[in-house]
Amino acid sequence: MSRHIDQRSALVTGAASGIGRACAIRLAEEGLRVAAADLQTDQLEQMADDVASIHTLDVTDLAAVQATVAGIGQVDVLVNSAGIVGPQVPIWEMPLEAFEQTLAVNLTGTFNTIKATIAAMRRRGWGRIVNIASIAGKEGNPNMVGYSASKAAVIGLTKSVGKEVARDGVLVNAIAPAVIATPMNADTEPEVLEYMLSKIPMARLGLPDEVADLVSWLASDACSFSTGAVYDISGGRATY
Ligand code: NAI
């Protein structure tokens with residue numbers, strides 16, 4: 001039996017690939033009306049039958065996010081999975097523009113979607129927001145300065161917003177995965193991937209479906225006394 005109540009709507013960003021895709025399909029299977037948003041129109045079109053609607057969207061563009069949300073109507077559940085790694089180089093080789101772009105997608109994109117949806121969630125007295133952060137935001141991965149900083153900031157944002165709406169029925173949590181087997185890692189340098197895998201006691205990559213399970217719980221009524229929290233899904237890597 002689904003843990004979700006029928007007729008709730010979800011917006012999932014980064015829904016065309018990897019974790020976002022697994023979350024969008026899982027929530028749709030569980031009875032939510034899912035709006036899948038991403039930059040990649042072609043990939044979205046391939047999943048059009050699995051979700052209620054698809055939306056080509058750049059999460060860095062607040063006006064575009066607001067327009068998309070207005071088009072969807074009600075958003076009860078927001079899953080922020082849109083993200084980029086950026087160049088994997090030491091800080092002295094990191095171009096400012098690439099650093100700023102990584103922050104723009106991972107951090108400002110999360111800010112934008114929450115800003116566009118949270119007022120209505122508060123009015124309705126119910127909402128669930130799940131931000132996909134990363135273990136990199138807790139520990140800092142070398143050669144991922146923009147990524148690690150953006151994910152640490154997403155954790156800080158989650159903690160702030162969670163407290164702001166704690167009495168409004170809107171719960172805001174983050175998850176911190178270690179390496180998950182998704183297309184994102186196709187661009188990760190082999191030595192960076194090796195470093196990340198070597199830190200996972202279970203000695204394997206996580207799967208998008210394993211992440212979707214956790215996100216589904218965080219997006220439901222079953223999650224009732226947690227907000228502003230960070231849930232690890234890291235094969236034992238996270239120690240705090
Ligand atoms: P992915 O690369 O498979 O999917 C990310 C999606 O975000 C892509 O479909 C991409 O088109 C979309 N996207 C990028 N920029 C966008 C923008 N400006 N507007 C809208 N959509 C945009 O990556 P994956 O692995 O599914 O990652 C999802 C989230 O999980 C990301 O936030 C990532 O940082 C996080 N994460 C991933 C881990 C992993 O090992 N795969 C580990 C920890 C966190």
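The figures that follow rest on heavy atoms only: side chains count, while hydrogens, waters and symmetry mates do not.
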Study note, to complete from the structure: In this structure, CD of Gln66 is separated from CG of Leu62 (nearest 0.5 Å) by 4.0 Å

Review point. From Leu57 CG over to Asp38 CG, what is the distance, rounded to the nearest 0.5 angstrom?
Key: 8.5 Å

Point to revise | Partner of Arg128 by side-chain contact (heavy atoms from CB on, under 4.5 Å), out of Val79, Asp221, Leu218, Val215 | key: Asp221

**Study point:** From CD1 (Ile155) to OG (Ser160), nearest 0.5 Å
**Key:** 12.5 Å

**Study point:** All pairs passing side-chain hydrogen bond (donor to acceptor under 3.5 Å, both in side chains) where residues 51-64 contributes a residue, at least two apart
**Key:** Thr41-Thr56, Ser53-His55, Asp58-Thr60

Review point. Quick one: are Val75 and Ser9 in side-chain contact, heavy atoms under 4.5 Å?
Key: no

Check your understanding: Is a donor on one side and an acceptor on the other found under 3.5 Å between the side chain of Thr182 and the backbone of Ile19?
Key -> no

Review point. Can you tell me if OH on Tyr231 sees more than 12 non-hydrogen neighbours from other groups inside 6.0 Å?
Key: yes

Review point. Cluster question for you: counting only ILVMFWY and a side-chain heavy-atom cut-off of under 4.5 Å, with indirect links fine, are Ile132 and Ile233 together?
Key: yes

Practice item. Would you kindly say whether Ser17 and Gln40 are connected by a side-chain donor-acceptor distance under 3.5 Å? Key: no

Exercise for review: Could you tell me the separation between the CG atom of Leu197 and the CG atom of Asn185, rounded to the nearest 0.5 Å?
Suggested key: 9.0 Å

Check your understanding: Is Met144 linked to Ile135 within one hydrophobic cluster, defined over Ile, Leu, Val, Met, Phe, Trp and Tyr using a side-chain heavy-atom separation of less than 4.5 Å?
Key -> no

Check your understanding: Is Ile200 close to Ser234 at the side-chain level, that is, under 4.5 Å between some pair of heavy atoms?
Key -> no

**Study point:** salt bridge (Lys or Arg N to Asp or Glu O under 4.0 Å) pairs, two or more places apart, involving residues 132-161
**Key:** Lys138-Asp232, Glu139-Arg237

**Study point:** Pairs touching residues 107-126 that satisfy salt bridge (Lys or Arg N to Asp or Glu O under 4.0 Å), sequence neighbours left out
**Key:** Asp76-Arg124, Arg122-Asp168

Check your understanding: Do the side chains of Val12 and Val51 get nearer than 4.5 Å, heavy atoms only?
Key -> no

Check your understanding: So with a 6.0 Å cut-off around CD1 of Ile91, is the heavy-atom count from everything else above 12?
Key -> no

**Study point:** OG on Ser216 to CG on Asp209, rounded to 0.5 Å
**Key:** 11.0 Å

Practice item. Starting from the C-alpha separation in whole Å, work towards a yes-or-no answer on side-chain contact (heavy atoms from CB on, under 4.5 Å) for Leu78 and Met121. Key: CA-CA 10 Å; Leu78 169 64; Met121 289 182 188; 4.0 Å; yes

Check your understanding: Out of curiosity, does Met196 fall in the hydrophobic cluster containing Tyr147 (side-chain heavy atoms, cut-off under 4.5 Å, transitive links)?
Key -> yes

Practice item. Could you tell me whether a side-chain N or O of Asn112 sits under 3.5 Å from a main-chain N or O of Val59, the two making a donor and an acceptor? Key: yes

Check your understanding: Given the rule that I, L, V, M, F, W and Y join up when any side-chain heavy atoms are under 4.5 Å apart, are Leu107 and Val172 in one cluster?
Key -> yes

Exercise for review: Measure the shortest side-chain to side-chain distance between Thr110 and Asn106 over non-hydrogen atoms and say whether it is less than 4.5 angstrom.
Suggested key: no

Exercise for review: State whether a side-chain donor-acceptor pair under 3.5 Å links Thr158 with Asn131.
Suggested key: yes

Check your understanding: Is the closest side-chain donor-acceptor distance between Asn80 and Thr113 under 3.5 Å?
Key -> yes

Practice item. Kindly compute the distance separating CD1 (Ile84) from CD (Gln101), expressed to the nearest 0.5 Å. Key: 5.0 Å

Review point. Going hydrophobic residue to hydrophobic residue with side-chain gaps under 4.5 angstrom, can you get from Ile129 over to Leu32?
Key: no

Exercise for review: List the atom of Gly235, the atom of Pro201, and the distance in Å for their closest heavy-atom pair.
Suggested key: O-CD, 3.4 Å

Revision key, fill the gap. On a heavy-atom basis, the closest approach of Pro177 and Ala133 is CD-O, 3.5 Å

Exercise for review: Using a 4.5 Å cut-off on heavy atoms from C-beta on, say whether the side chain of Leu103 contacts that of Glu100.
Suggested key: no

